[in-house]
S.K.: 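Take a look at the following structure, please.
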Amino acid sequence: MLRLYDTVHGEIRDLPMRDPGRLSMYVCGPTVYGLPHLGHGRFTLVWDVARRWFTFRGLEVRFVSNITDIDDKIINLALREGTSEEAVARTYEDEWWSAMAAIGVARPDDSPHATQYVAAMVELIESFLADDVAYLTSDGLYFDTSRVADYGLLAGQPLESLRAGARVEANNEKRSPLDFALWKFAKPNEPSWPASFGEGRPGWHTECVVMSLDLLGDGFDLHCGGFDLKFPHHENERAQAVAAHRPFAQHWGHNGFVMVDNEKMSKSLGNFTSLTDLLARTDARAYRLLVIRSHYRSPIEVSRVTIADAERALARLDTLARRFDLPVLGGEKLVKGGDYHFAGEAAQLYERVCAFLDEDLNTPLAVAELFDAVSAANALADAKHEGRAAELALCVTVLFAALGLSVDGGVEEHDAEVRALVVARDQARSESRWAEADRLRDELVARGWIVEDSPEGTRIRRA
RNA sequence: GGCGGCGUGGCCGAGCGGUUAGGCAGGGGCCUGCAAAGCCCCGUACUCCGGUUCGAAUCCGGACGCCGCCUCCA
């Protein structure tokens, strides 16, 4: 049974399924006005891992994640750079998808754009006006949060207490500081859409509720995002669904932040590293390993030290792949558990890892178990139990692949000149000309190779 | 001010009542022509102060420190 922590109930619960065997999942996506940073990388990795694991376990997952392509930040950037909002959104959406591809996050089944859903949003807002749940101010339409009885459910506190904690608002026409913009009237030269209540653009909270319900339907299963979206974003999405009398997400999942020097990484703090920068100097798989080594709800510390640490751990896995000549699995194609059957130690490993992951995606325990299995496989092979060792090693790669981590021994290209050095070294070694062998090794090292001896002779790989 | 969370060995990071988490780094050994890789062994850690218990990192109370949300935010 697959279980997952649910924010509303504050406990781990069975994963709900409106249709047994099929899981509908919505993850709040990015606003495309800048390069994706490590925080975006974490939330996409976390939910990509979840999606992959649920798929591995036999569920048919429908995974939807939006692109917010109209927003104040986009407008401001377009103004600053003297370009159009469309151009800004397109540029950074392209950056987004290439970063996602680079870190191995599989494409959503649907990635709706806010600008494609404006008409539906207008319709929803009209119904709010009709029901007196929305009201007009000079700069737009607002949602009256007092009309939702259980407002504050996701925040975990009652409306009154939220209201008391709210800071000073710029807009004093709001009835409550908690009320939020459904629609912002267009200012000169801003992109806008027609609406019966006045030309303008939608507020952020309205798009996700409209798109998720449209694509996944009433009462869809799972709605996910970062902890910071819990309130007010998810609260407000939910409030609108309630006001529209539509059953909303049955289960809410939230992931922890990426921390830098014990502070949340965010654009507003300016302490972020873009994924693009990270990928320029790091194997993307190391970041995934770093992410799955801790629990998805915990904060993770990301620094050159922790990334380097993960890179070395990853090298240990790749070494295993090289030793056992393991297939490279994973990638864009999601792995299904039903395709594999294991015996002996591998079967036991499989059971244990599944038990950990089925219970609130406990990736750190699963990873620890898998690293134990790496040692075990090597030890078995050292003891000449080749068959058992190979089976266990294969199971390790299958389970890592299930989490989207491709263990890869990496066959690397080398030219004839390098090849000649390797051959010459093997020759020297076979004749016990050690000084010559060491000289040839030094030469290979100088060309950027790591040299290892094996029963089959000199093996090299990129340093 | 309200709500939530956290403080674990050199670092990262699990565990949440009794048994080695795991990784990285470090030390010793085996293997190796020497290495590398691999294997084996090693640190005996849980902010502090009380309490509950036969037994607490794990439960309760308090103190201190830190973080997050309440405003755009993954």
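Quick note: numbers below take in every heavy atom, side chains included, and nothing from hydrogens, waters or symmetry partners. Reminder, nothing fancy here: chain letters follow the sequence lines and each chain counts from 1. Note that this is a predicted model, so its numbers are computed, not measured.
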S.K.: Does anything in residues 27-48 of chain A come within less than 4.0 Å of RNA chain B? Heavy atoms only, and list the residues if so.
M.R.: H37(A), G39(A), H40(A), F43(A)

S.K.: Q157(A) side chain: which of C3(B), C24(B), C70(B) is closest?
M.R.: C3(B)

S.K.: Do R462(A) and W449(A) meet the cation-pi criteria used here (NZ or CZ under 6.0 Å from the six-membered ring centre, within 45° of the axis)?
M.R.: yes

S.K.: If you round to the nearest 0.5 Å, how far is CD of E190(A) from CG of L79(A)?
M.R.: 7.5 Å

S.K.: Sequence neighbours left out, what passes ring pair (Phe, Tyr, Trp, His ring centres under 6.0 Å) with F220(A)? Give chain and number order.
M.R.: H223(A), F248(A)

S.K.: Just how far is it from atom OH of Y350(A) to atom CG of L370(A), taken to the nearest 0.5 Å?
M.R.: 12.0 Å

S.K.: Closest approach to the side chain of R323(A), judged atom by atom: which nucleotide of A14(B), G23(B), G38(B) is it?
M.R.: G38(B)

S.K.: Counting only heavy atoms and a strict 4.0 angstrom limit, can you tell me which residues of residues 368-380 of chain A come near RNA chain B?
M.R.: A368(A), F371(A), D372(A), S375(A), N378(A), A379(A)

S.K.: Here's one to test your reading of the geometry: is the NZ or CZ of K264(A) within 45 degrees of the ring axis of F227(A) and under 6.0 Å from its centre?
M.R.: no

S.K.: Counting heavy atoms from C-beta on, name the nucleotide in C66(B), A74(B), C72(B) closest to the side chain of M265(A).
M.R.: A74(B)

S.K.: Indicate, with a heavy-atom threshold strictly under 4.0 Å, whether S268(A) touches base, sugar-phosphate, or nothing.
M.R.: base

S.K.: Looking at G225(A) and L229(A), what are the two nearest heavy atoms and their distance?
M.R.: CA-CD1, 4.3 Å

S.K.: Which atoms of nucleotides 32-35 of chain B (N or O only) lie under 3.5 Å from a protein N or O atom, and what are those distances?
M.R.:
from, atom 1, to, atom 2, distance (Å)
G33(B), O6, R425(A), NH2, 3.4
G33(B), O6, R429(A), NE, 3.4
G33(B), N1, D438(A), OD1, 2.9
G33(B), N2, D438(A), OD1, 3.3
G33(B), N2, D438(A), OD2, 2.7
C34(B), O2, R441(A), NH2, 2.4
C34(B), N3, R441(A), NH1, 3.1
C34(B), N3, R441(A), NH2, 3.4
C34(B), N4, D453(A), OD2, 2.6
A35(B), N6, D453(A), OD2, 3.3
A35(B), N1, D453(A), N, 2.9
A35(B), N1, D453(A), OD2, 3.3
A35(B), N3, R441(A), NH1, 3.0

S.K.: Could you list all N or O pairs between the protein and nucleotides 5-10 of chain B that sit under 3.5 Å apart?
M.R.:
none

S.K.: Assign N362(A) to base, sugar-phosphate, or nothing according to its heavy-atom contacts below 4.0 angstrom with the strands shown.
M.R.: sugar-phosphate

S.K.: Ignoring hydrogens and geometry beyond distance, is the side chain of K264(A) in donor-acceptor contact with the base of C73(B) at under 3.5 Å?
M.R.: yes

S.K.: Considering every strand and a 4.0 Å limit on heavy-atom distances, what is the contact class for L289(A): base, sugar-phosphate, or nothing?
M.R.: nothing

S.K.: To the side chain of D228(A), which of C70(B), A74(B), G38(B) is closest?
M.R.: A74(B)

S.K.: Indicate yes or no: does R459(A) engage E452(A) in a salt bridge with an N to O separation below 4.0 Å.
M.R.: no

S.K.: So that I can tick it off, tell me whether R90(A) and D69(A) are bridged by a salt bridge, with the cut-off set at under 4.0 angstrom between side-chain N and carboxylate O.
M.R.: no

S.K.: Which nucleotide, A36(B), C70(B), C72(B), lies nearest any side-chain atom of I450(A)?
M.R.: A36(B)

S.K.: Which residues satisfy the ring pair (Phe, Tyr, Trp, His ring centres under 6.0 Å) test with F180(A), sequence neighbours excluded?
M.R.: F143(A), H205(A)

S.K.: Using atom C1' in both nucleotides, what's the gap between C46(B) and C11(B) to the nearest angstrom?
M.R.: 16 Å

S.K.: Taking only the side-chain nitrogens and oxygens of R316(A), find out if one of them lies under 4.0 Å from OP1 or OP2 of G38(B).
M.R.: yes

S.K.: Please work out if K230(A) contacts a base, only the sugar-phosphate, or nothing of the nucleic acid, heavy-atom cut-off 4.0 Å.
M.R.: nothing

S.K.: Considering only side-chain heavy atoms of S266(A), which listed nucleotide, C39(B), C12(B), C73(B), is closest?
M.R.: C73(B)

S.K.: With Y296(A), which of L45(A), T363(A), D360(A) fulfils side chain to side chain contact (heavy atoms under 4.5 Å, CB included)?
M.R.: D360(A)

S.K.: With a 3.5 Å limit on both atom pairs, tell me what G1(B) is paired to, counting Watson-Crick and G-U wobble, or say none.
M.R.: C70(B)

